[in-house]
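Computation of the quantities below employed the complete heavy-atom set of this structure, encompassing side-chain atoms and omitting hydrogens, waters and symmetry-equivalent molecules. The structure displayed is predicted, hence computed values, not measured ones.
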Amino acid sequence: MTMSSTVSTSQGFLPQARHGSLESSNVLASNSLGQPELESNGSNEVELISVSWNQDYGCFAAGTSHGFRIYNCEPFKETFRRDLKSGGFKIVEMLFRCNILALVGADANSQYPPNKVLIWDDHQSRCIGEFSFRSEVRSVKLRRDRIVVVLEHKLYVYNFTDLKLLHQIETLANPRGLCCLSHDSNTFVLACPGLHRGQVRIEHFGLNVMKLINAHDSHIACLTLTMDGLLLATASTRGTLIRIFNTMDGTRLQEVRRGVDRAEIYGIALSRNVQWLAVSSDKGTVHIFSLRVRVAGEDSSSHPSPAQGPALLEQNSSSSLDGLISPSTSANPGSSLSFMRGVLPKYFSSEWSFAQFHLSEDTQYIAAFASQNAVIIVGMNGSFYRCSFDPVHGGHMLQQEYVRFLQTESRPG
């Protein structure tokens, strides 16, 4: 399937890239660029269309039927909102905490339909770039030097400085818009569905290396990378198992079990120190798992440091798994019948969640890690939770904060 894109730019406002540009192709440039009509006073009748984290989970964006809003997580506060006269946004992608956002209109947005990506500079209050496609945009991912636009069967990778097209990647049907990026300045890793069911394609652009990982038997439902892109976590449409892989050689490092029954996975998040993993699903429970993934220079009795990155495996090494897996027993509880491994069904020997928080089953939630053994949870019903878990004993998490963020009166000044 061939998809072409049209790119419009407003010269002089795009951020400078940190690295040189690659050769670009198949991009049409235009100088004409319409601006969305923004108004300062929002309507009380606001429908929530989407929620998404920024790259370090310090903020989240809410796309609404009348525009978008940005919230800080710790402490919780609405930092700003922009209300649109002509409709709302189904995708609001932040770039850390800077003034640049990628916006994709909802179906009712008459000025920006779902097949256009708007690069918005909120400091300038103007559109600085626009991408138009022949089909609906499924997701947009940003790095400080790249823009990735995901369509159902294809990904486009653009240079942020001049919006030049650098790469095109074909995928299996990807209606969820699955794609994730590394965000360390010295690595550029991209993960997306491959061309076969259950397959993940890993692009190490800086190393010019591509790796295919057969992660699951079923279709991929969710995936995420560590900040440096060296570890990948995946879940399938069955929603029972979450697997951790080394992206350099595709080795499976750990497998944990959310449950036995099929579930729809809404989100996977890794803690910054790669010690914990959070999973949210349509079962109304956020599960926290303890990871046994080693990092470079880590003693088996110590915990990973946020400053350290996962150790690289030597390819074709018989002991490579030992380099990334801690020999100590996992903190995740297992079945008391695990000694009968190979006789009983596989789930009897699985690693189960370390800590849990229960929510309503009729709402979609995404979760991420905050500071001091805390988890933040945002729901499509306009709810925000901050919970804490015991890093030694686990169990049920304690609710520390609860906010109905669409109804909050704490508007930015």
Discussion item. Apply side chain to side chain contact (heavy atoms under 4.5 Å, CB included) to residues Met248 and Leu230 and explain how you reach the verdict.
Written reply: CA-CA 7 Å; Met248 292 298 295; Leu230 296 181; 4.1 Å; yes
Fill in: Ring geometry between His216 and Phe245 (parallel below 30°, tilted from 30 to 60°, perpendicular above 60°)
perpendicular
Worksheet item: When the ring planes of His358 and His396 are compared, do they come out parallel, tilted or perpendicular, using 30° and 60° as the limits?
Response: tilted
Discussion item. If you apply the rule side chain to side chain contact (heavy atoms under 4.5 Å, CB included), what do you find for Phe205 with His167, and how did you get there?
Written reply: CA-CA 10 Å; Phe205 286 112; His167 309 281; 3.6 Å; yes
Discussion item. If I take atom OG1 from residue Thr64 and atom CZ from residue Phe89, how far apart are they, to the nearest 0.5 angstrom?
Written reply: 9.0 Å
Discussion item. Does Asn115 form a side-chain hydrogen bond (donor to acceptor under 3.5 Å, both in side chains) with Arg134? I'd like the steps, not just the answer.
Written reply: CA-CA 7 Å; Asn115 67 319; Arg134 295 177 184 171; over 6 Å; no
Discussion item. With side chain to side chain contact (heavy atoms under 4.5 Å, CB included) as the criterion, how do Phe369 and Trp276 come out once you've worked through the C-alpha distance, each side chain's angles and the decisive distance to 0.1 Å?
Written reply: CA-CA 8 Å; Phe369 290 93; Trp276 307 104; 3.4 Å; yes
Worksheet item: Please walk me through it: do Phe354 and Phe289 pass ring-ring contact (aromatic ring centres under 6.0 Å, His included)?
Response: CA-CA 5 Å; Phe354 177 80; Phe289 297 90; 9.7 Å; no
Worksheet item: How far apart are the C-alpha atoms of Lys116 and Glu136, what are their side-chain angles, what is the distance that settles it, and do they pass the salt bridge (Lys or Arg N to Asp or Glu O under 4.0 Å) test?
Response: CA-CA 8 Å; Lys116 287 187 178 182; Glu136 183 176 347; over 6 Å; no
Fill in: Spatial distance of atom CZ (Phe405) from atom OH (Tyr71) [nearest 0.5 Å]
5.5 Å
Worksheet item: In Å, rounded to the nearest 0.5 Å, how long is the span from CG of Asn174 to CZ of Arg176?
Response: 9.5 Å
Worksheet item: Just one of Val148, Val117, Leu165, Ile119 clears the side-chain contact (heavy atoms from CB on, under 4.5 Å) bar with Tyr158, so which one?
Response: Leu165
Worksheet item: Do the numbers put Arg81 on top of the ring of Phe68, so that NZ or CZ is under 6.0 Å from the six-membered ring centre and no more than 45° off the axis?
Response: no
Worksheet item: Which word best sums up how the rings of Phe133 and Phe131 line up, parallel for under 30°, tilted for 30 to 60°, or perpendicular for over 60°?
Response: parallel
Worksheet item: For the atom pair CZ (Arg69) and CG (Leu48), what is the distance rounded to the nearest 0.5 Å?
Response: 9.0 Å
Worksheet item: How far does CD1 of Ile268 sit from CD1 of Ile366, to the nearest 0.5 angstrom?
Response: 13.0 Å
Discussion item. Test side chain to side chain contact (heavy atoms under 4.5 Å, CB included) on Ile147 and Leu163; report intermediate values, then the result.
Written reply: CA-CA 8 Å; Ile147 301 169; Leu163 304 188; 3.7 Å; yes
Worksheet item: Where is the tightest heavy-atom contact between Phe60 and Cys73, given as atom of each residue plus distance?
Response: CD2-SG, 3.9 Å
Worksheet item: Heavy atoms, side chains only, cut-off 4.5 Å: are Val200 and Thr234 in contact?
Response: yes
Worksheet item: Going from OG1 on Thr226 to NE2 on His183, what distance comes out if it is rounded to the nearest 0.5 angstrom?
Response: 10.5 Å
Fill in: Taking every non-hydrogen atom, the tightest pair across Asp261 and Thr240
O-CG2, 3.5 Å
Worksheet item: Which is it for Gln400 and Ser388 under the side-chain hydrogen bond (donor to acceptor under 3.5 Å, both in side chains) test, yes or no, and what are the steps along the way?
Response: CA-CA 7 Å; Gln400 304 289 343; Ser388 63; 2.8 Å; yes
Discussion item. Salt bridge or not between Lys164 and Asp162? Use side-chain N to carboxylate O under 4.0 Å.
Written reply: no
Item to complete: Would you check if the side chain of Ser280 reaches a backbone N or O of Tyr365 as a donor-acceptor pair within less than 3.5 Å?
Response: yes
Discussion item. Taking Glu264 first and then Lys283, would you say they form a salt bridge - that is, a charged N and a carboxylate O separated by under 4.0 Å?
Written reply: no
Worksheet item: Stepwise, does the salt bridge (Lys or Arg N to Asp or Glu O under 4.0 Å) test hold for Glu203 with Lys211?
Response: CA-CA 7 Å; Glu203 290 283 351; Lys211 185 71 183 177; over 6 Å; no
Worksheet item: For Arg97 and Asn72, what are the C-alpha separation, side-chain angles and deciding distance, and is it a side-chain hydrogen bond (donor to acceptor under 3.5 Å, both in side chains)?
Response: CA-CA 9 Å; Arg97 294 174 181 265; Asn72 188 70; 2.7 Å; yes
Worksheet item: Which pair of non-hydrogen atoms, one from Gln254 and one from Ser290, has the smallest distance, and what is that distance?
Response: NE2-O, 3.2 Å
Practice prompt. For the pair Asp121 and Asn99, evaluate side-chain hydrogen bond (donor to acceptor under 3.5 Å, both in side chains) and give the outcome as yes or no after the intermediate values.
Written response: CA-CA 6 Å; Asp121 184 339; Asn99 51 293; 2.4 Å; yes
Worksheet entry | Side-chain donor/acceptor of Arg258 to backbone N/O of Gly239, under 3.5 Å | yes
Discussion item. Could you report the tightest heavy-atom contact between Arg144 and Leu95, atom names first, then the distance?
Written reply: N-CD1, 3.8 Å
